[in-house]
2 protein chains.
Amino acid sequence: MSSKRDDLLRAAKKLLWERGYEATSPRDIQEASGAGQGSFYHHFEGKLALAVAALEEVSAEMCASATGLLDADASGRDRVTRYLLQTRDGLKGCRLGRFAGDAAINEPELRAPIERYFSVLERYLAKALSDAQRAGELTSKCKPKDLATMLVAIVQGGFVLSRIHRDKDAINRATAAGLALLSEATKRT
Amino acid sequence: MSSKRDDLLRAAKKLLWERGYEATSPRDIQEASGAGQGSFYHHFEGKLALAVAALEEVSAEMCASATGLLDADASGRDRVTRYLLQTRDGLKGCRLGRFAGDAAINEPELRAPIERYFSVLERYLAKALSDAQRAGELTSKCKPKDLATMLVAIVQGGFVLSRIHRDKDAINRATAAGLALLSEATKRT
DNA sequence: GTCTATAACGTGATAGAC
DNA sequence: GTCTATCACGTTATAGAC
């Protein structure tokens with residue numbers, strides 16, 4: 001149906017990823033989408049409403065990806081490994097975590113889809129870690145929930161360091177080290 | 001001497017921390033400092049130049065703090081612990097890491113002082129970890145440099161998660177878990 | 001060195017034709 | 001549903017008096 005609406009959403013998702021909320025103007029989105037002022041304000045109440053709709057889609061996509069990796073049939077240990085060893089392009093940054101420093105994070109409507117993703121991710125990761133502990137694949141005495149928070153922090157902080165150092169692999173070194181340390185907290189047989 | 005210059009710098013450091021570069025206008029800084037347009041453009045070429053001067057001061061302060069914690073006389077293990085167990089207010093965010101997602105990070109002049117701090121921090125942390133390995137206080141086989149990157153990522157990612165969840169202690173749980181995992185990779189006597 | 005006045009431009013939104 | 005024209009406001013910077 002409404003092709004222009006989809007075009008606007010697609011452009012918004014792209015530009016919000018690249019530049020964040022503050023640095024993206026409605027005009028930028030109109031130009032990138034090929035839609036005019038009229039379409040923009042016909043389909044959305046304003047910039048914030050469009051950003052909320054865009055981030056809700058991104059959140060749903062990333063939730064699906066994370067649960068796909070973590071919900072599966074493999075052992076707890078393998079699920080955590082699979083999540084951590086995803087290859088990431090650190091220069092692009094996290095499509096949702098990047099908003100932590102954006103002034104827009106203070107808008108409750110915009111923060112909601114972002115927080116939803118991280119809550120899901122941490123819960124699934126904690127479950128996998130808990131399974132790994134019970135299976136004896138992980139002997140750390142840390143609470144699974146705290147370990148999950150720590151692992152997600154490694155990913156998010158990895159993006160930060162990659163962008164600051166202009167080194168796309170900094171994040172991959174950080175997650176690899178996290179996984180290695182986790183392995184070393186594993187019972188040797 | 002030039003009190004207005006100092007006032008401007010002080011206000012800029014405060015507002016850049018709270019809001020980032022994009023969301024802080026010269027007007028905001030003028031109002032917060034009590035200085036007028038004239039003083040602003042007399043002392044600085046423009047917004048970017050003031051931000052660079054402000055972040056260079058912040059970078060120097062944070063370098064001094066980090067090296068003070070990590071350079072010291074204690075064992076490698078104790079130095080790492082001391083750094084990680086700093087209590088942090090996650091809601092405020094890192095005064096330098098927060099710019100990773102800001103469009104201004106693309107300005108080389110502004111990125112330079114930020115990167116300088118992280119390079120110093122990671123180097124000192126890697127040295128402490130290396131000392132700990134040689135002293136047998138840490139048995140992990142990971143490279144100290146990679147572990148340092150991982151630990152700094154935990155801090156930076158902890159800030160991200162604290163701000164997204166509106167939970168000032170998320171970062172402290174993340175760093176505590178990182179330290180615990182590091183301990184578990186330590187030879188039991 | 002500091003002030004006020006003003007300019008040029010961009011932003012986010014509205015109006016109304018088609 | 002989409003377009004173009006326009007608006008009020010804020011931003012970044014300049015001009016010139018004191």
Side-chain angles (χ1 to χ4, degrees), chain A residues 1-57 98-99 101-111, chain B residues 1-57 98-99 101-111:
Chain A
M1 267 194 310
S2 57
S3 164
K4 290 291 182 189
R5 198 190 126 97
D6 292 348
D7 293 346
L8 283 161
L9 268 174
R10 190 165 26 247
K13 286 160 77 173
K14 178 176 183 291
L15 291 177
L16 288 173
W17 188 3
E18 289 172 6
R19 312 183 191 173
Y21 182 85
E22 286 288 327
T24 302
S25 74
R27 282 252 267 270
D28 295 333
I29 299 170
Q30 286 155 34
E31 278 162 22
S33 70
Q37 296 275 80
S39 299
F40 188 103
Y41 289 100
H42 173 75
H43 291 294
F44 303 96
E45 280 191 8
K47 176 183 173 180
L48 179 61
L50 171 50
V52 169
L55 290 197
E56 271 170 357
E57 284 197 9
R98 77 167 341 286
F99 293 96
D102 202 307
I105 196 69
N106 294 313
E107 298 288 344
E109 284 188 293
L110 195 133
R111 191 169 62 86
Chain B
M1 268 192 312
S2 58
S3 165
K4 290 293 183 188
R5 197 190 127 97
D6 292 347
D7 293 347
L8 283 161
L9 268 173
R10 191 164 26 245
K13 285 160 77 172
K14 178 175 183 289
L15 291 177
L16 288 173
W17 188 4
E18 289 172 7
R19 312 182 189 172
Y21 182 85
E22 286 288 328
T24 301
S25 74
R27 280 250 268 267
D28 294 333
I29 298 171
Q30 287 155 33
E31 278 161 23
S33 70
Q37 296 274 82
S39 299
F40 189 102
Y41 289 100
H42 173 75
H43 291 294
F44 303 97
E45 280 191 8
K47 175 182 172 180
L48 179 61
L50 171 51
V52 169
L55 290 197
E56 271 169 358
E57 284 197 9
R98 77 168 339 286
F99 294 96
D102 201 306
I105 196 69
N106 294 313
E107 298 289 346
E109 284 188 295
L110 195 134
R111 191 169 64 85

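Reminder, nothing fancy here: chain letters follow the sequence lines and each chain counts from 1.
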List, with names and distances, any nitrogen or oxygen atoms from the protein found under 3.5 Å away from nitrogen or oxygen atoms belonging to nucleotides 10-12 of chain D.
residue : atom : partner : partner atom : Å
D:dT12  : OP1  : B:Lys47 : NZ           : 2.9
D:dT12  : OP2  : B:Pro26 : N            : 3.3

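Rounded to whole angstrom, the span from the CD atom of B:Gln30 across to the P atom of C:dT4 amounts to 10 Å. A straight line from NE2 of B:His43 to P of C:dG1 spans 6 Å, rounded to a whole angstrom. Atom pair B:Glu31:CD and C:dT4:C1' shows a separation of 14 Å (rounding to whole Å applied). In this structure, B:Leu8 atom CG and C:dT2 atom P are separated by 9 Å, rounded to whole Å. Counting to the nearest Å, the P atom of C:dG12 and the CZ atom of A:Phe40 are 8 Å from each other. Here D:dT2 presents its C1' atom at 15 Å from CG of A:Asp6, a figure rounded to the nearest Å. What separates CD of A:Glu45 from C1' of C:dT14 is a distance of 14 Å, to the nearest Å.
B:Arg19 pairs in a side-chain hydrogen bond (donor to acceptor under 3.5 Å, both in side chains) with only one of the listed residues (B:Asp102, B:Asp28, B:Thr24), which is B:Asp28.
Between B:Asp6 and B:Ser3, the side chains place no donor N or O within less than 3.5 Å of an acceptor N or O (distance only, hydrogens not considered).
For A:His42, no side-chain nitrogen or oxygen approaches OP1 or OP2 of D:dT2 to under 4.0 Å.
With hydrogens and angles disregarded, no donor-acceptor distance shorter than 3.5 Å links the side chain of B:Ser39 to the backbone of B:Ala35.
A salt bridge links B:Lys14 with B:Glu18; the closest basic N to acidic carboxylate O contact falls under 4.0 Å.
A cation-pi contact links B:Lys47 to B:Tyr21, judged by a cut-off of 6.0 Å to the six-membered ring centre and 45° from its axis.
Two residues are said to be in side-chain contact when any heavy atoms from C-beta on lie closer than 4.5 Å; B:Phe44 and B:Val52 fail this criterion.
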